[in-house]
2 protein chains.
Amino acid sequence: MNDCSPKPLDLAMLRLACQNCSLHELCLPVGIGLDDVGRLDQIIKRKRPLARADHIFRLGDEFRSVYAIRAGSVKTYTMTETGGEQIIGFYLPGEIIGLDAIHNGAHPSSARTLETTSICEIPFAQLEDLAVAIPSLGRQLVRIMSREIHSDDDLLTLLGKKSAEERLASLLMSLSLRLQQRGFSAREFHLSMSRNDIGNYLGLAVETVSRLFTRFQQIGLITVNNKHVRIEDLAALREIAGANRGAACTAARAATGASH
Amino acid sequence: MNDCSPKPLDLAMLRLACQNCSLHELCLPVGIGLDDVGRLDQIIKRKRPLARADHIFRLGDEFRSVYAIRAGSVKTYTMTETGGEQIIGFYLPGEIIGLDAIHNGAHPSSARTLETTSICEIPFAQLEDLAVAIPSLGRQLVRIMSREIHSDDDLLTLLGKKSAEERLASLLMSLSLRLQQRGFSAREFHLSMSRNDIGNYLGLAVETVSRLFTRFQQIGLITVNNKHVRIEDLAALREIAGANRGAACTAARAATGASH
DNA sequence: CGGTCCCTTGATATTCATCAATATCAGTGG
DNA sequence: CCACTGATATTGATGAATATCAAGGGACCG
């Protein structure tokens, strides 16, 4: 999509790539000087783009690095005791995965790409050393992890309290917002994950997700075409996601002609 | 319960309390020398015990400190958009709360005690400074945050995939394990939270929780008496929590005499 | 001892999962 | 380019799990 398909090993480009990366304020927002970015840059390994459905790491893998998404998208998931997968999150450019593995040296989740995806591997031992040498980097790391905890908490609320409608609306709003922050359109985008993945993530059956897309389209909230989504009424969608519950359900019912 | 009700301001006791705290290997497990513990100790404020239902911080409060539980227990929760509370976690001695507030300077959740509770306040600015001076402390902080992310992920699986039975069994197992790690009995303990809190946390109605306690007791898994729980069959409970789903449900059904 | 909150239990309603049957799409190879 | 194939998505009919509603019983606090 926005892939500048990389020439084989262009050293000049690779050097100091963080400085030029359009995402550097997402993965390293604040207070890191140019010199320090250079030092960070030297420990980061830019990997050639991964194909769709490639694994970045698997549950149980030894923990060595965290990874920043540069382009594309990724899902992370764990295994339930019965072998099914539970998707933990969808990650977009500028976001960092693998942070859950630090504490015990092995990845407690797997990560695989949802489309062609470029990532930066950041060897954690070196990152820790650098964090000692560059205090602001250490603070930034802690801040990023804090944000991850916080966003997990939001997801808990979604799964614990929200209806199916609210869940899907929340996901769409989240994607919309995050894509916008990355310079894409907030109103029109491509869903890189399957309906199955969406259902899994939201704790819903595929069929429910499918029906919701249909219903949302019928009441004029969105236009869906396979993986392409256009949000027609952002405010209303936000309203549903934010869960003015009674009102939203009523609206949807009336429009579908459902009656009880 | 296990409260050594503290004399008013015993300076000798307070000084270097971390070294003597039976929890110090829980909140600061590894690689911190005695000198360093002393330095950490100096920035920590030990607060007088809080009464049941006291707030430690509230959603929106400015972020200044994280808090370690010394004795008692705490729940943290956020507000859903409709004003209801969603409980994020129950915290036991040696665990740390407030980590979700680091990234934007304000608490995104509230915390209140479930019973008489003692906490240590750790001013975060000073902790960060100390983390720079003592690299192993910084690493430890990152590790603790990683564990928090990981345990949130487990909860996501619980809410996304598990049945009501599995959820309650999982909670009981989690409490059992954590209490055991703190030197208490794994098989017999006191639930400091209300049925309401349990239901809220697990994404279930109070009534469902109540019925589950009854059913678990009927099939000989546990004995419940108000807030007192004794686990009679730890292995079976673990089995249900781990979700050998079909088998567990069948067992419970047969025993309750339910038939379809 | 009375009030209030919390918990339990039963009856009913609702949401969403499951099952089943197409329909559509993305590759693949002829 | 088209037909074939498996994966993915939609749609409908049914059922199960759990929420909700309603009422009564205990426990705890003053």
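First the proteins, then the strands, lettered A, B, ... as listed; each starts at 1.
- Side-chain atoms of A:Glu207 and base atoms of C:dC16 include no donor and acceptor less than 3.5 Å apart.
- Residue B:Ser163 places its side chain closer to D:dT18 than to any other of C:dC7, C:dT18, D:dT18.
- Rounded to a whole Å, the CG atom of B:Leu202 is 10 Å from the P atom of D:dA19.
- The phosphate of D:dA9 has neither OP1 nor OP2 within less than 4.0 Å of any side-chain N or O from A:Ser210.
- When the side-chain nitrogen and oxygen atoms of B:Thr208 are compared with OP1 and OP2 of D:dT18, none of them lie within a distance under 4.0 Å.
- Atom-to-atom, CG of A:Leu204 to P of D:dT18 comes out at 15 Å; the value is rounded to the nearest Å.
- B:Asp197 has its CG atom 16 Å from the P atom of C:dC5, to the nearest Å.
- Between B:Thr214 and C:dT9, a side-chain N or O to OP1/OP2 separation shorter than 4.0 Å is present.
- Spacing between atom CZ of A:Arg215 and atom P of D:dT11 amounts to 12 Å, rounded to whole angstrom units.
- Atom NZ of B:Lys227 is separated from atom C1' of C:dC5 by 11 Å (rounded to the nearest Å).
- Of the charged side-chain nitrogens involved, at least one lies within less than 4.0 Å of a carboxylate oxygen, so that A:Arg182 and A:Glu95 count as a salt-bridged pair.
- The interatomic distance linking A:Leu212 (CG) with D:dT11 (P) rounds to 12 Å, in whole Å.
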Evaluation steps, side chain to side chain donor-acceptor pair (under 3.5 Å), between A:Ser192 and A:Ser73
CA-CA 7 Å; A:Ser192 57; A:Ser73 52; 2.7 Å; yes
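- Using cut-offs of 30° and 60° on the angle between ring planes, the pair A:Phe57 and A:His107 is parallel.
- No close placement of the A:Phe184 and A:Phe189 rings is indicated, their centers lying 6.0 Å or farther apart.
- Distance from the side chain of A:Asn226 is smallest to C:dC25 among D:dA19, C:dC25, D:dT10.
- The nearest whole Å value for the distance from the CZ atom in A:Arg195 to the C1' atom in D:dT11 is 14 Å.
- When heavy atoms are screened at a 4.0 angstrom cut-off, A:Ala205 is found touching base atoms of the nucleic acid.
- Within the nucleic acid shown, A:Gly199 has no heavy atom closer than 4.0 Å to any nucleic acid atom.
- Toward the 5′ end of DNA chain C lies the nearest nucleotide of B:Asn196, the other residue of the pair B:Asn196 and A:Val206 mapping further downstream.
- Distance, A:Lys161 NZ to D:dT18 C1': 14 Å, rounded to whole Å.
- Salt-bridge check for B:Glu85 with B:Arg112: failed, with every basic side-chain N at 4.0 Å or more from each acidic carboxylate O.
- One N or O donor and one acceptor, one from the side chain of A:Arg211 and one from the base of C:dT18, sit under 3.5 Å apart.
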